[in-house]
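To start, the structure itself, in structure tokens.
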There are 4 protein chains.
Amino acid sequence: MSEATAKQGPDTRARILNAAESLFMTHGFEATSMRMITGQAEVNLAAVNYHFGSKDALIQEVFRRRLTELNRDRLGALEAEEALANGAPLKPSKIVAAFFGVSLKMAADTEHGGATFMRLLGRTYTEPNEFVRQFLAEEYAEVVQRFMSALYRALPDVPREEILWRFHFMMGAMSYAIAGTDALQLFAGDFDDEDPTRLMPRLMSFLLGGLRAPLPEEVIESRAIRRDAA
Amino acid sequence: MSEATAKQGPDTRARILNAAESLFMTHGFEATSMRMITGQAEVNLAAVNYHFGSKDALIQEVFRRRLTELNRDRLGALEAEEALANGAPLKPSKIVAAFFGVSLKMAADTEHGGATFMRLLGRTYTEPNEFVRQFLAEEYAEVVQRFMSALYRALPDVPREEILWRFHFMMGAMSYAIAGTDALQLFAGDFDDEDPTRLMPRLMSFLLGGLRAPLPEEVIESRAIRRDAA
Amino acid sequence: MSEATAKQGPDTRARILNAAESLFMTHGFEATSMRMITGQAEVNLAAVNYHFGSKDALIQEVFRRRLTELNRDRLGALEAEEALANGAPLKPSKIVAAFFGVSLKMAADTEHGGATFMRLLGRTYTEPNEFVRQFLAEEYAEVVQRFMSALYRALPDVPREEILWRFHFMMGAMSYAIAGTDALQLFAGDFDDEDPTRLMPRLMSFLLGGLRAPLPEEVIESRAIRRDAA
Amino acid sequence: MSEATAKQGPDTRARILNAAESLFMTHGFEATSMRMITGQAEVNLAAVNYHFGSKDALIQEVFRRRLTELNRDRLGALEAEEALANGAPLKPSKIVAAFFGVSLKMAADTEHGGATFMRLLGRTYTEPNEFVRQFLAEEYAEVVQRFMSALYRALPDVPREEILWRFHFMMGAMSYAIAGTDALQLFAGDFDDEDPTRLMPRLMSFLLGGLRAPLPEEVIESRAIRRDAA
DNA sequence: AATGAATGAGACTTCATTCAT
DNA sequence: GATGAATGAAGTCTCATTCAT
């Protein structure tokens, strides 16, 4: 009855998920075999199929477990700011901080695997695998819609299309920031892996600088034209 | 030389490279098998090993073929600006335009496969495969060093470390911009695939906004400290 | 006894047997997995092993349940005829009718699964699985012996070997007749599935025609030789 | 260049087909694994997929190889009789002999595996596997149509439906006759495996007896009714 | 220069079965 | 009486690569 007598430790399922998460980050989905996963989790090879049904389903579950929490926190941070604002439009910096701050907080959590997951997530946005993209899109649908709405309100003079693009650029910058040192060393071999907590202010000022940058002339012109036509 | 004697058209090698490039972008390296490549290239299965030695060597050749040209053009653009400047430090916008403008130009070239390659490249920066990272680092070493030097001269008041990070963020934003619509649709299903030539000014103003953003307070403080210490 | 207390309905055992019988007929023994059976029976995966011990034992029980009844009825029909005959040898048609009539009666019973079982049985005579053959042989031993004896008495002039062969042929014809429409459509796609009750007279006249057919010349000759030698 | 230097004997493909044919007969399709096949054929495990693509495709090829020949011979035998008959309807016995005689001839050929195949074929008519049935139906379509036409001409007074059923019964009797001793021993353990050449006259007289048997009364009555109506 | 055949290793998945509860 | 979890064995198929021609 004690944990000692239980055959497979506290939770076979969780052990598999943790092993998969870490291996997916290191080697990618395709290059991570079921044997590698069950080997690291010290679990029978068939256990993955028993608990998850297939490798693809395992991949989904790895993401769902974290994304549910991540997106809940993001919405929570946004709603907290909105509560404070008392109906007024939020400052863009608050919105950006709500979204990306939560990401970076999880990325800094090395104890519960949050860091591992965030690096995996950053890579996965560009994952070619069709079903993974599809799954991510579904998981993100609600939260993105909410944040975009907030940004539209916060920046009523900027064309929505432009905001969407800049949000896209910001996602890219953040992903690279988190995927982090690996890719940085790609450009500067001697780069020192320093205190990850200093990443937050660095990234935030870059993102806000980009978000507030003057619109390119063409866009300004085309807006003027549309305005005249109206 | 006639079609009758040359079974496999003008250039078997190039056909393989083109097929591989396109399939790597669509499915990733691992998920792209030799059979898929030789099938699309209409070439014998053994031809890849005959011409390139191994799958890994083929991957390298796919990149080398394009990167050599890409980085030559980048250096060319930088040197052209430097020639105009006549020894004075370049404006940061010129440097950024030299580096990322060449990228976007190739990304806009849909006729010779440049667009395909740039999307592949954007994905590959976060590729887990060790040897691919290694190879990319080598290919990029020189050009990154030259651009960083130029930026250091252009922004003598900004800590070098900070410039390195911001260059890193810029790379991330660009990669996402090019990997492009796919990832954008991930966030906004109804996003219209519009004229790719308009991407350039959009991205450029975002990048410059980020690059010129005020430094985070912490960094400013720590700089002051260091300056005092010196 | 209420539905609330009895989780698995009135009889888990019977539910398993019925599901197995139907699935075996549709997919064969090998291609029918325990999961398929327990899934269709809406029963826990381990229930089969709990109730029957193994898959092989389940197969046996599927047959035993029906064959016991079938062969009892066959012997009953034979004994009824013998009682009427009052010690005289039976007419071959009566014997054949006793054996195959009972088969066809069960094959016509679509309500209690008899039809399903008979089609399964027809297929199983040619089943490669060694232990199934062994089991069938044991189940059939007595009844075949009794019917052969009756036929020997009914046809004293026909060599016993010849009777054995013809009984064998008759079994084949009947099995195909019951496996029925499936195999017939194999030869005539537009064959109409008509009233199964009309199968009985059709098959019976064919079987009797074959049973009474003149012996091949060679057999007649060899019989003459043997008679001379005696 | 000599056979001795060739890595895999004269013909890897044929070796696989032969091994598969024999193992399918002994154990059935499902119970025969690729390992068993490649083991017996002394061939690499991957060779089956290389030469045939999949296990299912191998099964089809096993049948196609023999059925093509078998049905060609059947049509040949029928046409030979028709040539002799000079336009007159054939005697039913000739038609039956053409069809089943060829079967039995192949069944007697123990040297080139014909016997093995015919026993496999007999079993396969009742095979549950859907795609195998489909495939057999296609392979048989033409030859069955030709023989049925001949029988319709030969027996103009017998309802076509009746002929179709009796042909079906005959197929069943033949299949059992060929699947043979195995099933016979099921009914008579001490049955001696005797000269297979004597099977031909035995089966033929049974089949013709069945084919010529008087129609069941019901059929006769319903025919009379139809005739009256006409 | 190019290829058809073949191969050893390893991929994911499913199997029937067991066992503690 | 019944079950959720787990497992070792085995299944089919695909992989990148090699080699004689």
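Being a predicted model, the structure only gives us computed values, none of them experimental.
D:Asn44 has a side-chain polar atom (N or O) that falls below the 4.0 Å cut-off from OP1 or OP2 of E:dG8. Taking 4.0 angstrom as the limit, D:His51 places none of its side-chain polar atoms (N or O) nearer than this to OP1 or OP2 of E:dA5.
B:Tyr50 pairs by the side-chain contact (heavy atoms from CB on, under 4.5 Å) definition with nothing, not counting sequence neighbours. Every side-chain contact (heavy atoms from CB on, under 4.5 Å) that C:Gln134 has, sequence neighbours left out, goes to C:Glu138. Taking C:Leu45 as the reference, C:Met34, C:Arg35, C:Thr38 meet the side-chain contact (heavy atoms from CB on, under 4.5 Å) condition, with sequence neighbours excluded. Listed by chain and residue number, nothing satisfies the salt bridge (Lys or Arg N to Asp or Glu O under 4.0 Å) test with A:Glu30 (two or more places apart in sequence, or in another chain).
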Using atom names, set out every protein N or O paired with an N or O of nucleotides 13-15 of chain F below 3.5 Å, distance rounded to 0.1 Å.
| unit_1 | atom_1 | unit_2 | atom_2 | d |
| --- | --- | --- | --- | --- |
| F:dC13 | OP2 | D:Lys55 | N | 2.9 |

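If B:Ala47 and A:Phe29 are placed on DNA chain E by their nearest nucleotide, the residue sitting closer to the 5' end is B:Ala47.
A stem is defined here as three or more consecutive Watson-Crick or G-U pairs, each with both distances under 3.5 Å; for DNA chain E these stems are E:2-21 with F:2-21.
Between the side chain of D:Thr32 and the main chain of D:His27, no donor-acceptor pair closer than 3.5 Å is present. Judged by distance alone, the side chain of D:Arg66 and the main-chain N or O of D:Phe117 form no donor-acceptor pair under 3.5 Å. Remark: side-chain polar atoms of B:Lys55 are paired, donor with acceptor, to backbone N or O of B:Phe29 under 3.5 angstrom.
Taking atom CZ of B:Phe131 as the reference point, atom C1' of F:dA16 lies 13 Å away to the nearest angstrom. What separates CD of B:Glu42 from P of E:dA2 is a distance of 15 Å, to the nearest Å. Atom pair C:Asp11:CG and F:dA2:C1' shows a separation of 14 Å (rounding to whole Å applied). Between the C1' atom of F:dA16 and the CZ atom of B:Phe52 lies a distance of 16 Å, rounded to the nearest Å. Atom CZ of A:Arg13 and atom C1' of F:dA6 are 15 Å apart (whole Å).
Among the candidates C:Arg13, C:His112, C:Arg65, the single residue satisfying the side-chain hydrogen bond (donor to acceptor under 3.5 Å, both in side chains) test with C:Asn18 is C:Arg65.
Separation of atoms CD1 (D:Ile16) and OG1 (D:Thr12) is listed at 6.5 Å; rounding is to 0.5 Å.
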